[in-house]
**Student:** 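Handing you this structure, nothing more for now.
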Amino acid sequence: LCEEGLARFPGEFSLHQTLGTVLTRQRRFTEARAAFARSVALQPTAPAYVAWALMEELYGRADLAQEAASPAASPREHKGARDQPAPAGASGQSAVGAALGSGGRRRAQRRLSVAEEAARAVEATAAKARAARGAEEARRLFELGARADPTHGPLYNAYGAMEARLRQPEAARAVLRRGVAAKCSDMAHVWHGMASLELELGNIREARRLFNEGIDRFTGGAFSAQDGEQEEAPGASPSSKQEKQAGALESAKAFEAVKAAEAKAKAEATTDQGRNTGSTSEGVDAKRGRYQPEDATFLVHSLGMLEIDLKDYSAASRIFAKGLVLYPKDSHLLLGAALAEAHLDEAHRARELFRRAVVADTKHAHAWQAWGVFESKHKNLATARTLFESGIKECPDHGALWQAYGMLEVSVDAFDRARRCFAMGLSRSGGGGQVGNQGRLGIGGHSNVQLLQAWACLEMRAGDVTRARELIQSAIARDPRHGPCWAAYAVIEDRSGNTAASRRIFEQGILAAPHHGPLYRSYAELEMRAGNYNAARELFRRGLKADPFHAQLFHSFAEMEGRVGNIAGLKELDDLARALFSEDAGKREAQRVLAEKHRQRNQQLTVGRRPTGVVLVGGGSSAPSSGGGLEGGLGGGDDLLGGGLGMDETDALGGGLGVGLDL
């Protein structure tokens, strides 16, 4: 369509930009670069520069993972890789000669292994250099975009997010503050970016302050002025029965406030239909120097989800209730309120809020999904199936809905029905239903990867290793940087007796997803089971350096050191833990959330033993720029191939009800 349009309107700059975006999704980077260059040559616009900059960053990161994209070895190679007995010589080689020949082969294999390791190190260094060049080019293009339009809000969000991905927090802060100082459009989204950055860094108090300040700025103070009360500092989740009852009472009051706000909104809608109450995109009133009202629902949503993540469900319920007074028909806030009620064991109120969420927006796939998972937890399987089917009817291309439905069938051992769900999800969400499709991520791409991963784990549980291998290889081909797929692939090979192949896959996975903690942990545990404690120790150390808040790395490392009686190693781990987890109460709160966020990011998709429960997973911001959302699935243990369902960058706590942040 773009090419047809350009044949008719070759001077239309926006068509060139759109073509560049489409080519980027197809990983046709050289052609995409040319399309963006033509667009800015015709008219230098900030959106075109932003799209081009993101393409250059992606190009650098794609190079980083390119070497890891190919499958590690075919099933035939796996079989051949196992040790074979030394062949006897034609003249009848003696036992001593055979032993010497075997030793020579082992030495040759060790030399080859060292050479391969050196080659991998060279490749990794070169890939990192290419990624750095891509980031520098992206910075140059972002600056050109800011010069073309210094008030383009999405530019500052994208630029700051890139710096955060590159682990440059001060640079990210500086970019976002520039956006605020420029009084840019979409100011509320830039403000949300500042708060989300602090949350990503573990600065919980500062993140909460920024969320609250942003909400007040962009609602004209209406949020905090509702009842004039000072919110208490959120703490740990209610543990005693009395505290739980107090939380439920507070939740009941909030629920009634939501109902009253909805009734008031209906009345105002009938009497003031001609009045324009919509939000403005101006952001700042130049005459008064004050922020004009903007849509701040995503700020309220993120603040509420933060309190849920801190397990202060009563505080979350109050926040969502206050938000619903201002935005009574917002489906994301209704869903957040439903999750808070579910955590407070207020099932009736949770169901009512779930119902309102899907009525407010029948296309809100996450609401259908979360409600279906909620009913699964309460053993209402027929109701859950109906909800999943209703959601699929409204949103047939939402891969996570198909995945959750499939995992429900897995939980009752209905493997054929689960396979149909996964196959239909791949077909409808942009995967074309072709398991062997080696194409890169496009529309629905991340859902496709998760569906393929779920299906692969199902086949492993059913005992079809060949099919499981095909599916997980297809998932990796679609997204080479997806750490959980690499971990699952390595475990599949390890459990099939292909230890050498498993090691190669772990190495490739670490190259592709170097900050994915479970890869290091699973690889180290493989070496530990083989008795290679020094190799395991080195992997644990590398993992803690790459992902220091992955708690299970600490646990597994300490377990190994205790098993071998390494007192000095345990002391070293204890010192590291003290350095990371301060005695200061504020820092402990921050580190708890940061560790939880890392755990969510690293959570594996698992299917291997009977799931022990059902969870609600994922709770991203509803901001258009966040790309987050609620994902639902069945939960169960931490074993890579044993338990239930976890989503990429989401939460999956076996046997419980959980909500995670997707930033």
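No hydrogens, no waters, no symmetry mates; every other heavy atom, side chains included, goes into these values.
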**Student:** Using a 3.5 Å distance criterion without hydrogens, assess whether the side chain of S502 forms a donor-acceptor pair with backbone atoms of V491.
**Tutor:**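 Absent.
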**Student:** Starting from the C-alpha separation in whole Å, work towards a yes-or-no answer on side chain to side chain contact (heavy atoms under 4.5 Å, CB included) for L310 and E307.
**Tutor:** CA-CA 5 Å; L310 288 167; E307 302 304 349; 3.6 Å; yes
**Student:** Working to the nearest 0.5 angstrom, can you tell me the gap between M460 CE and L471 CG?
**Tutor:**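 It is 12.5 Å, given to the nearest 0.5 Å.
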**Student:** Would you call E352 and R349 a salt bridge, taking side-chain N to carboxylate O under 4.0 Å as the test?
**Tutor:**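 A salt bridge is absent here (no side-chain N lies under 4.0 Å from a carboxylate O).
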**Student:** Is there a side chain to side chain contact (heavy atoms under 4.5 Å, CB included) between F320 and I308? Walk through the geometry before answering.
**Tutor:** CA-CA 11 Å; F320 285 121; I308 284 180; 4.0 Å; yes
**Student:** Taking all non-hydrogen atoms of both residues into account, name the closest pair between R478 and V449 and its distance.
**Tutor:**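 Heavy atoms only, the tightest pair is CB-CG2, 3.9 Å.
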**Student:** With rounding to the nearest 0.5 Å, note down the distance linking CH2 in W486 to OG in S522.
**Tutor:**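 Nearest 0.5 Å value for the CH2-OG distance: 14.5 Å.
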**Student:** Evaluate the ring planes of H398 and H366, with Trp represented by its six-membered ring, and classify them as parallel (under 30°), tilted (30 to 60°) or perpendicular (over 60°).
**Tutor:**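 H398 and H366: perpendicular rings.
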**Student:** With distance as the sole test, does Y523 use its side chain to make a donor-acceptor pair with the main-chain N or O of I505 at under 3.5 Å?
**Tutor:**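 No.
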**Student:** Ignoring hydrogens and angles, tell me if any N or O in the side chain of W402 forms a donor-acceptor pair with the backbone of R420 under 3.5 Å.
**Tutor:**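 Absent.
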**Student:** What's the spacing between H301 NE2 and F211 CZ if we round to 0.5 Å?
**Tutor:**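 Between H301 NE2 and F211 CZ, I get 11.0 Å after rounding to 0.5 Å.
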**Student:** Just by modelled atom types, is the G372 backbone N or O under 3.5 Å from a matching donor or acceptor in the S376 side chain?
**Tutor:**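 Yes; judged by distance alone, with no hydrogens or angles, the pair exists.
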**Student:** Stepwise, does the side chain to side chain contact (heavy atoms under 4.5 Å, CB included) test hold for E200 with S196?
**Tutor:** CA-CA 6 Å; E200 180 73 16; S196 297; over 6 Å; no
**Student:** With no hydrogens and no angle check, is any side-chain donor or acceptor of K363 less than 3.5 Å from a backbone partner on C395?
**Tutor:**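 Side chain of K363 to backbone of C395, a donor-acceptor pair under 3.5 Å: no, none is there.
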**Student:** Does the ring center of H482 lie less than 6.0 Å from the ring center of H516?
**Tutor:**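 No, too far apart.
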**Student:** Can the ring centroids of H332 and H364 be said to lie less than 6.0 angstrom from one another?
**Tutor:**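 Yes, close enough.
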**Student:** Can R385 and E375 be counted as an ion pair, charged N to O under 4.0 angstrom?
**Tutor:**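 No.
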**Student:** Could you give the distance from CZ (R481) to CG (L58), rounded to the nearest 0.5 Å?
**Tutor:**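 Rounded to the nearest 0.5 Å, the CZ-CG separation comes to 5.5 Å.
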**Student:** Does a salt bridge link R469 with E459, judged by any charged N lying under 4.0 Å from a carboxylate O?
**Tutor:**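 Here R469 does not pair with E459 in a salt bridge, since their nearest N and O are not under 4.0 Å apart.
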**Student:** Taking the side chain as every heavy atom from C-beta outward, state whether H189 and P154 have any atom pair closer than 4.5 Å.
**Tutor:**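 They are not in contact (no side-chain heavy atoms under 4.5 Å apart), so the answer is no.
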**Student:** What I want to check is whether the side chains of T297 and D295 have a donor and an acceptor closer together than 3.5 Å.
**Tutor:**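 Judged by distance alone, the side chains do pair up.
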**Student:** Any side-chain heavy-atom pair from Y313 and D345 closer than 4.5 angstrom?
**Tutor:**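 In short, these two side chains do not touch, never coming nearer than 4.5 Å.
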**Student:** What's the separation between atom SG in C421 and atom CG in L408, rounded to the nearest 0.5 Å?
**Tutor:**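 Atom-to-atom, C421:SG and L408:CG are 8.5 Å apart.
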**Student:** Could you grab the distance from atom CZ of F374 to atom CG of N380, nearest 0.5 Å is fine?
**Tutor:**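 Answer for the CZ-CG pair, F374 versus N380, is 8.5 Å.
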**Student:** Apply the test side chain to side chain contact (heavy atoms under 4.5 Å, CB included) to residues E409 and F415: give CA-CA distance (whole Å), side-chain angles for both, the deciding distance (0.1 Å), then the verdict.
**Tutor:** CA-CA 7 Å; E409 301 301 351; F415 288 176; over 6 Å; no
**Student:** So do the side chains of R318 and S314 get within less than 4.5 Å of each other, counting heavy atoms only?
**Tutor:**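 In contact.
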